[in-house]
Amino acid sequence: MSVHETTVNIFIHLLNTQSSLFSAEDRITLMKLINNQPDDIKSLSNAISDWLSEHPEVDEALVEFEEIGTKAPGDKQANTNIPKYELDKKNILNEIQQSSSSAKETKKPT
């Protein structure tokens with residue numbers, strides 16, 4: 001997996017598993033950001049990386065997953081705890097929308 005694929009894959013994993021990291025405003029911004037990108041992994045990864053630079057809490061969570069998948073300096077391997085997601089624009093948009101539903105479900109009062 002390339003660096004770009006790894007970034008997008010871990011980002012999708014965060015949307016699935018840690019949706020509370022993303023506010024409703026974050027999701028709206030991400031939807032617009034992804035919609036404005038071409039459907040190629042490098043552009044999508046770069047856009048996500050730019051967004052992460054402005055959201056250190058989410059970026060730190062992503063880096064933690066990247067570090068788990070690092071064998072030696074500069075030698076990356078897939079983090080076996082993270083499933084491989086379909087890495088395209090449509091899937092990223094779907095995951096952003098689904099994470100919104102997940103966040104609402106987890107915040108319901110009991």
Side-chain angles (χ1 to χ4, degrees):
M1 214 182 262
S2 75
V3 172
H4 297 294
E5 290 168 331
T6 300
T7 298
V8 174
N9 199 67
I10 294 172
F11 186 76
I12 292 171
H13 187 67
L14 288 175
L15 285 165
N16 278 316
T17 61
Q18 298 182 31
S19 59
S20 61
L21 289 173
F22 302 88
S23 69
E25 185 178 308
D26 290 342
R27 288 182 184 86
I28 291 167
T29 302
L30 283 165
M31 292 290 286
K32 289 178 185 174
L33 179 70
I34 299 301
N35 267 321
N36 290 330
Q37 300 303 312
D39 194 3
D40 75 82
I41 195 67
K42 186 174 180 180
S43 297
L44 294 168
S45 174
N46 288 339
I48 289 167
S49 293
D50 290 346
W51 183 87
L52 288 168
S53 69
E54 297 172 14
H55 298 84
E57 185 178 320
V58 182
D59 191 36
E60 286 173 25
L62 187 133
V63 168
E64 284 179 31
F65 279 109
E66 283 181 333
E67 288 173 354
I68 293 169
T70 303
K71 290 187 342 189
D75 185 18
K76 294 223 177 215
Q77 70 178 32
N79 181 336
T80 55
N81 297 327
I82 299 175
K84 286 188 180 179
Y85 296 97
E86 198 157 326
L87 304 178
D88 60 27
K89 185 174 178 175
K90 182 180 176 185
N91 191 50
I92 296 168
L93 293 169
N94 286 339
E95 295 295 344
I96 294 168
Q97 289 177 325
Q98 288 176 6
S99 75
S100 177
S101 300
S102 298
K104 288 176 189 168
E105 288 170 16
T106 58
K107 292 181 181 176
K108 282 184 183 174
T110 52

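Since we're looking at a predicted model, the values are computed, not measured.
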Could you tell me whether the side chain of Lys89 and the main chain of Pro38 form a donor-acceptor pair under 3.5 Å?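 Judged by distance alone, no pair lies under 3.5 Å.
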Test item: Ser53 side-chain N/O and Asp50 main-chain N/O as donor-acceptor pair under 3.5 Å: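 Confirmed, Ser53 side chain pairs with Asp50 backbone.
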Sorted by chain and number, sequence neighbours left out, side-chain contact (heavy atoms from CB on, under 4.5 Å) with Ile28 holds for Lys32
Not counting sequence neighbours, which residues clear side-chain contact (heavy atoms from CB on, under 4.5 Å) with Asn91? List them please. Ile12, Tyr85, Glu86, Asp88, Glu95
Would you compute the distance between atom [atom1] of [X] and atom [atom2] of [Y] and round it to the nearest 0.5 angstrom?
{"X": "Ser43", "Y": "Gln37", "atom1": "OG", "atom2": "CD", "value": "6.0 Å"}
{"X": "Glu57", "Y": "Leu62", "atom1": "CD", "atom2": "CG", "value": "13.0 Å"}
{"X": "Glu64", "Y": "Leu14", "atom1": "CD", "atom2": "CG", "value": "9.5 Å"}
{"X": "Lys90", "Y": "Ile34", "atom1": "NZ", "atom2": "CD1", "value": "15.5 Å"}
{"X": "Glu5", "Y": "Leu87", "atom1": "CD", "atom2": "CG", "value": "6.0 Å"}
{"X": "Ile96", "Y": "Met31", "atom1": "CD1", "atom2": "CE", "value": "6.0 Å"}

Heavy atoms only: give me the nearest [X]-[Y] pair and the separation to one decimal.
{"X": "Ala47", "Y": "Leu33", "value": "O-CD2, 3.4 Å"}
{"X": "Asp39", "Y": "Leu44", "value": "OD1-CD1, 4.0 Å"}
{"X": "Asn9", "Y": "Pro83", "value": "ND2-O, 3.0 Å"}
{"X": "Arg27", "Y": "Ser99", "value": "NE-OG, 3.0 Å"}
{"X": "Thr7", "Y": "Ser45", "value": "CB-OG, 3.7 Å"}

Is there a side-chain contact (heavy atoms from CB on, under 4.5 Å) between Phe11 and Leu30 once you walk through the steps? CA-CA 11 Å; Phe11 186 76; Leu30 283 165; 3.8 Å; yes
Check: [Y] and [X] side chains under 4.5 Å, non-hydrogen atoms:
{"X": "Phe65", "Y": "Gln18", "value": "yes"}
{"X": "Leu52", "Y": "Ile48", "value": "yes"}
{"X": "Met1", "Y": "Lys84", "value": "yes"}

Let me check something: do Val58 and Leu93 share a hydrophobic cluster, defined by ILVMFWY side-chain heavy atoms less than 4.5 Å apart, either directly or through other members?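 Yes; tracing contacts between hydrophobic side chains, which count when under 4.5 Å, links both residues.
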Can you sort out the partners of His55 under ring pair (Phe, Tyr, Trp, His ring centres under 6.0 Å), two or more places apart, ordered by chain and number? Trp51
What I want to check is whether the side chains of Ser49 and Asn46 have a donor and an acceptor closer together than 3.5 Å. no
